[in-house]
Amino acid sequence: MTAAPDAYDITTPVARTGRGLYVAVSGNTSGGKSTLVEQLRRELDADGVPAIGVSERAFHHRFLPLMFSRSSEFAFPIQLSFMLERHMVLLRNLALGRTVVMERSHLDDILFVREHAAAGNIAADQFAAYRGLAHVLHARIPAPDVLVLMNPPAEVSLKRLAAAEEAGERPREFPDEAAKRGWVERWHEMYEDLHAQFRERRANDPEFARVSLLEVDPEAPAGSAVPEVLTAIREKRGLRSR
């Protein structure tokens with residue numbers, strides 16, 4: 001197994017074979033997304049496919065805890081930071097011809113901005129500015145070739161999140177347990193709605209019709225979804241190479 005390519009590589013020449021494949025795993029926190037991303041990257045590497053796995057934690061700003069404790073001051077700039085970082089990583093690595101397996105997608109980011117706007121943490125003019133910038137940036141990024149949906153019940157996410165915090169695998173980003181529960185429960189509902197929108201777009205939007213949309217049981221044993229998702233990725237790569 002070779003070393004994973006550097007997601008922030010700025011020296012490799014742009015591929016002559018066209019853009020790479022975009023694979024996104026969408027869903028609430030502690031749903032097993034980052035685990036699936038890394039497992040898929042390893043399998044693709046074993047196939048000899050140049051691939052990067054991008055955990056959302058790679059985009060976490062050092063001020064991220066302030067988004068939860070001082071949301072009215074920090075929610076807007078931190079959400080901008082997330083969007084810009086994801087955009088640059090996708091733009092660069094797809095141009096290099098790599099398969100990008102990413103936790104969440106550029107289509108997920110607006111969820112969190114809407115939530116902060118609804119709570120009054122992001123002002124109307126800030127929300128309008130975000131949407132305008134997102135429209136310009138997203139015009140340069142394709143829809144995911146493979147989009148994996150996994151949104152566990154909020155109680156499952158909370159249990160896994162607590163275990164990861166206790167083990168030191170994740171920092172304690174929320175100001176207290178009540179706030180954590182509130183955020184995670186709202187995110188679950190938001191993802192229920194977003195995934196319903198993805199299904200509708202897949203059925204009715206010609207530009208989204210080429211997306212391979214996969215529903216994964218987030219409570220199934222770790223790794224059980226890897227074969228199904230790999231099959232979809234290999235099929236897309238096969239179509240691309242013809």
Side-chain angles (χ1 to χ4, degrees), residues 18-37 39-41 43-44 49 51-56 82-83 86-87 89-91 93-94 97-115 130-131 134-154 156-157 186-220 223-242:
R19 78 163 179 85
L21 211 67
Y22 179 12
V23 181
V25 184
S26 172
N28 199 359
T29 189
S30 297
K33 300 184 302 300
S34 58
T35 299
L36 180 60
V37 165
Q39 289 173 325
L40 290 169
R41 186 203 65 77
E43 291 291 338
L44 290 167
V49 175
I52 63 166
V54 185
S55 167
E56 181 119 316
F82 266 114
M83 177 170 65
R86 192 187 306 278
H87 174 82
V89 168
L90 282 167
L91 195 69
N93 285 280
L94 291 177
R98 293 170 176 168
T99 294
V100 179
V101 187
M102 178 171 281
E103 182 179 357
R104 297 199 172 110
S105 77
H106 68 293
L107 303 174
D108 295 42
D109 288 338
I110 190 67
L111 282 186
F112 305 97
V113 182
R114 284 195 186 117
E115 180 190 25
Y130 181 97
R131 292 184 65 181
H135 177 75
V136 172
L137 292 176
H138 293 353
R140 304 170 70 189
I141 301 296
D145 297 284
V146 178
L147 183 54
V148 183
L149 312 183
M150 50 192 310
N151 189 31
V156 173
S157 289
R186 288 193 299 273
W187 290 341
H188 173 73
E189 293 173 1
M190 288 159 49
Y191 268 105
E192 288 286 286
D193 292 341
L194 180 66
H195 291 175
Q197 293 171 30
F198 285 158
R199 295 182 197 102
E200 183 177 356
R201 284 190 67 184
R202 179 66 176 77
N204 300 309
D205 182 350
E207 293 185 4
F208 215 71
R210 66 171 186 79
V211 176
S212 291
L213 199 63
L214 304 179
E215 306 264 358
V216 170
D217 178 4
E219 297 187 70
S224 59
V226 170
E228 178 185 5
V229 181
L230 271 178
T231 295
I233 294 172
R234 287 166 177 156
E235 288 176 354
K236 284 290 186 180
R237 286 182 54 79
L239 289 172
R240 187 69 60 78
S241 63
R242 291 178 186 173

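None of these values were measured; they are calculated from a predicted model. Heavy-atom basis, side chains included; hydrogens, waters and symmetry copies ignored.
Nearest heavy atom pair, residue V25 against residue V37, reads CG2-CG2, 3.9 Å. Residue L21 comes nearest to L94 through the heavy atom pair O-CD2, 3.6 Å, listed as atom of the first residue, atom of the second, then distance. The heavy-atom pair separating F112 from M190 by the smallest distance is N-CE, 4.0 Å. The two atoms that bring R86 and H106 nearest to each other are CD-N, 3.4 Å, heavy atoms only. Summarising the geometry of R210 relative to P142, their closest heavy-atom pair is NH2-CB, 3.8 Å, with the distance given to 0.1 Å. When all heavy atoms are compared, the tightest approach of I110 to Y130 is CD1-CE2, 3.6 Å.
With a 4.5 Å cut-off on side-chain heavy atoms, L44 and L230 count as touching. A 4.5 Å side-chain heavy-atom check between V211 and F198 finds every atom pair outside the cut-off. Side-chain contact between P144 and L107 is present, with heavy atoms from C-beta onward closer than 4.5 Å.
Not a single side-chain hydrogen bond (donor to acceptor under 3.5 Å, both in side chains) links H87 to another residue, sequence neighbours left out. With sequence neighbours excluded, the residues that form a side-chain hydrogen bond (donor to acceptor under 3.5 Å, both in side chains) with S55 are E103. With sequence neighbours excluded, the residues satisfying side-chain hydrogen bond (donor to acceptor under 3.5 Å, both in side chains) with E215 are R199. Applying the salt bridge (Lys or Arg N to Asp or Glu O under 4.0 Å) criterion to R98, with sequence neighbours excluded, gives D9. The salt bridge (Lys or Arg N to Asp or Glu O under 4.0 Å) test applied to D108 returns no partner, not counting sequence neighbours. When the salt bridge (Lys or Arg N to Asp or Glu O under 4.0 Å) test is applied to D205, the partners found at least two apart in sequence or on another chain are R201.
A distance of 9.5 Å separates CD of E192 from CG of N28, quoted to the nearest 0.5 Å. Atom CG of L111 sits about 12.0 Å away from atom CD of E189, to the nearest 0.5 Å. Between the CG atom of L40 and the CD1 atom of I233 there is a distance of 5.0 Å, given to the nearest 0.5 Å. Distance check, rounded to the nearest 0.5 Å: OG of S105 to CG of L90 gives 8.5 Å.
Looking at H195, K33, R104 one by one, the single match for side-chain hydrogen bond (donor to acceptor under 3.5 Å, both in side chains) with S26 turns out to be H195. D145 pairs in a side-chain hydrogen bond (donor to acceptor under 3.5 Å, both in side chains) with only one of the listed residues (K236, R19, R237), which is R19.
Summarising the local packing, CD of E200 is surrounded by 12 or fewer heavy atoms from other residues, nucleotides or ligands at distances under 6.0 Å.
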Evaluate the side chain to side chain contact (heavy atoms under 4.5 Å, CB included) criterion for residues L149 and N151: first the C-alpha distance (whole Å), next the side-chain angles of each, then the deciding distance (0.1 Å), finally the verdict. CA-CA 7 Å; L149 312 183; N151 189 31; over 6 Å; no
Walk me through whether V89 and M102 qualify under side chain to side chain contact (heavy atoms under 4.5 Å, CB included). CA-CA 10 Å; V89 168; M102 178 171 281; 4.1 Å; yes
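A donor-acceptor contact shorter than 3.5 Å is absent between the side chain of R140 and the backbone of L91.
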